[in-house]
Every structure is written in C-alpha cells, then in structure tokens.
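Take a look at the structure below.
The residues of the chain are indexed from 1 along the displayed sequence.
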Amino acid sequence: MKISSPSAGLVVAVIGSLSFGTSGAFIKPLLEAGWSPSAAVTARVLVGGLVLLPLALVSLRGSWPALWRARWRVLAMALAGVSATQFFYFAAIQTIPVATAALIELLAPLLLVGVVWVMTRRIPHALVLVGSLFAVGGLVLVVGPGAIHAVDPLGLALAACAMVGCAIYFVIAARPSDGLPPVGFAAAGLVLGGLVLGGLGVTGVLPLSATFGPVPLAGTALPWWVPLVIVAVVSTALAYVAGITSAEVLGSRLASFVSLLEVVFAALFAWLLLGEQLTPLQLLGGALILGGIAAVRAAGSENAVPATLEPLIPVPLMDAGVVEPATALDR
C-alpha cells in the first residue's frame, strides 16, 4: 500500500492506532490464564510476522534489492523498534506500576520535539508546544493521574529506555522507503524482532510461561489461540503495516502524536469487551489528545527529526499498559 496524501496518511494512522489499541482487550485473558507478558508479546510478534510473510514475499517480487538496501533500517526496527522497546517496558513493570511505565513510554512524541529543539536551537512552533501540553494532559487523564508518584529509580530508567525505543520506531518508520513495500518492511522487522525476543526467553533473560486451556472473552469461553491470532493479525500485523505506511507520509512527529490515540481506543475496547469502567476523565483525556493532534497537524507535518540528525540514526507497545493490564501490550 503506497499513499501520498496527508489526509490519507492520517486515516491510515488512525487505523493503525485503532489496531494497536485492540491488543490489550484480547491479550488480558491470556495474561489472566497464566501467560507471562513476555511470552504473550513474543508470540504475537512472531505470529504477526509470519502472517505477513506470504504477503511480503509477493510484494517483494522484483524488489529484493530494496530489502538489501534497507537491511540496516530493518535491523534497527527489529532491535530498537520491536525488541528493545518491549524488553525495557517489561523490565520496567517488574518494579513500577504498569500505568507509570506506559505514561513514560508514551512521552516519545515529546522526546522527538525536544530533540529537534536542542539540536536546531529553535523553539518549536507555538502550536506544537500547545499540542504537546494537550496531549500530555490527555494522556495523564486516560492512563490515570495515579500513575504520577515516586517509584523505583531503576524502573523509571528502564521505562525511559522504552520511550527512546518507541521514538526510534517512529523515526525509522518515517524514513523514505526507497522502494521497500511497507508490508515487507513490517514482516522483516517483526520476524527478526520476534526471534530476538524468543532468544531472550530461551536464555532466561525474559520469563516465558503459557497455558493452553480455554480463556474467557466477551462473556464466553474461547480456545487460547483465538485471542492470540486476533492480536497477531489485527493488533500486530495490520497495526505495524499501517503505522509504517502512515509515518512515511506524515513524518515522525505527527505520526507519533496520532499514535497516542491508541490509549483512547484501548480504553474503549476494554470497556466493550472486558467490562472495564470508562470514566468521564478518560473521555476528557481523549478529547485533549485529539486537540493536541489537531494543533500539531496545524503546525505542519514536517518530520520531527531534521536531516542533519539522520546520519546519527542507523540507516523507529508496544504501547504499553495504560488502562489496567488490558492495554499492557498495545505496541
């Protein structure tokens, strides 16, 4: 899928956020049944990559040189955008609350704004600053004001590393494709990232445990593989392809701000499928995030990372848990 219109890019970005936002509602039953978070995310990444693999092979016919040219970009996506972000996030939630880790990781758009501010020594457009304030305020309301409190310093540092990985994801996704189809890029990054996560699990760095009995979902008992397949196809394969496609059109800054809608969609799906409470404060937070996106969009869709910084980047929940455990594995 190749698009060039910013309006179409916004639509695809929202689809990507919607897809990412479904993951928590489908993963939570697996977690409650005894799956470890690292096992669930490793399975979803690997299965999602394998789902995309046939489509990727078809799309790459005649484009294999493009995949070789993008090898460092694919490697960076797999290691930073997938594996590192997931690893640091799950390491963080061992010592700090899920909501706190999510809030820190999802500050990635502000990190991108700050990098440009420091490197160019130019104050961002006023609308970008206003949009950032709106987005952060909305994010706090959706995640929950209780996420802000003194916690373990190591956990905070690990969550900050996850934030960096998330920011790198958007930077890498926004780079010109140079002929590499988004589905091929996403499949390669997911398969390689899944293999890295699997390796960390096999060696004991990440705890892997799973059960294979029926799980409750939407008032009925389903085989364990049903929610896993849904999250792999919709929340991983479709979501990453949509995210990469839209970031190339919108640039890393705007794409990262649109991605904050994931927390809103996650709250909605947790309400619809799991019966979790949807509070007026969360609805207000969603409205503030929409206002922040509108402000950043009005400021212009130029990339968040200037060309002078690109040589510093090789050749970016996992969004993270924001509405209780239901959204612990969004990106």
Side-chain angles (χ1 to χ4, degrees), residues 13 16 20 41-42 44-46 48-49 52-53 56 59-60 63-91 105-109 111-112 114-116 119 158-200 205-206 236-237 239-256 259 303-320 331:
F20 276 125
V41 74
T42 300
R44 66 171 283 195
V45 169
L46 273 176
L52 286 178
L53 194 56
S59 70
L60 285 169
S63 302
W64 292 104
L67 180 61
W68 175 250
R69 290 194 300 270
R71 61 191 182 279
W72 297 115
R73 184 175 174 232
V74 171
L75 182 62
M77 171 65 78
L79 296 181
V82 177
S83 302
T85 304
Q86 301 283 355
F87 173 81
F88 285 120
Y89 172 77
F90 287 118
E105 181 186 351
L106 294 176
L107 293 178
L111 176 62
L112 294 176
V115 166
V116 174
M119 298 302 294
L158 292 169
C161 291
M163 174 186 63
V164 173
C166 187
I168 292 174
Y169 161 80
F170 287 108
V171 172
I172 296 175
R175 290 176 61 87
S177 64
D178 195 21
L180 179 63
V183 66
F185 181 35
L190 287 173
V191 170
L192 183 56
L195 291 175
V196 171
L197 289 170
L200 293 174
V205 177
L206 290 177
T236 308
Y240 270 92
V241 171
I244 291 169
T245 302
S246 60
E248 186 178 344
V249 177
L250 301 178
S252 56
R253 184 181 68 197
L254 182 55
S256 65
S259 75
N303 204 336
V305 178
T308 55
L309 298 184
E310 290 190 353
L312 302 179
I313 303 169
V315 141
L317 356 267
M318 151 177 173
D319 268 56
R331 186 178 296 281

**Closest non-hydrogen atom pair between A78 and G193, with its separation** = CB-N, 3.6 Å
**Prompt:** Can you check whether V82 reaches Y240 side chain to side chain, under 4.5 Å on heavy atoms?
**Reply:** yes
**Asked** Taking side chain as C-beta onward, heavy atoms only, is R253 less than 4.5 Å from L112?
**Response** no
**Asked** How close do P181 and L60 get, heavy atom to heavy atom, and via which atoms?
**Response** CD-CD2, 3.8 Å
**Request:** Grab the two heavy atoms, one from L180 and one from A66, that are nearest each other, plus how far apart they are.
**Result:** N-CB, 3.8 Å
**Request:** Measure the shortest side-chain to side-chain distance between T85 and E105 over non-hydrogen atoms and say whether it is less than 4.5 angstrom.
**Result:** yes
**Message:** Looking at every heavy atom in both L67 and A188, which two are closest together, and how far apart are they?
**Reply:** CD1-CB, 4.4 Å
**Request:** Kindly give the heavy-atom pair with the smallest separation between A167 and A108, and that separation in Å.
**Result:** N-CB, 3.8 Å
**Fill in**
Between G189 and V74 the two heavy atoms that sit nearest each other are N-CG1, 4.0 Å
**Message:** I need the T42 OG1 to L200 CG distance, nearest 0.5 Å.
**Reply:** 8.0 Å
**Prompt:** Can you find a pair of side-chain heavy atoms, one from V41 and one from Y89, that are under 4.5 Å apart?
**Reply:** no
**Item:** Nearest-0.5 Å distance, CG of residue L192 to OG of residue S83
**Value:** 7.0 Å
**Short side-chain to backbone donor-acceptor contact, S259 and S256, under 3.5 Å** = yes
**Item:** Gap separating the CG atom of L195 from the CG atom of L190, nearest 0.5 angstrom
**Value:** 11.0 Å
**Request:** Decide yes or no for M77 and I244: does some side-chain heavy atom of the first lie under 4.5 Å from some side-chain heavy atom of the second?
**Result:** yes
**Interatomic distance, I172 atom CD1 to W72 atom CH2 [nearest 0.5 angstrom]** = 13.0 Å
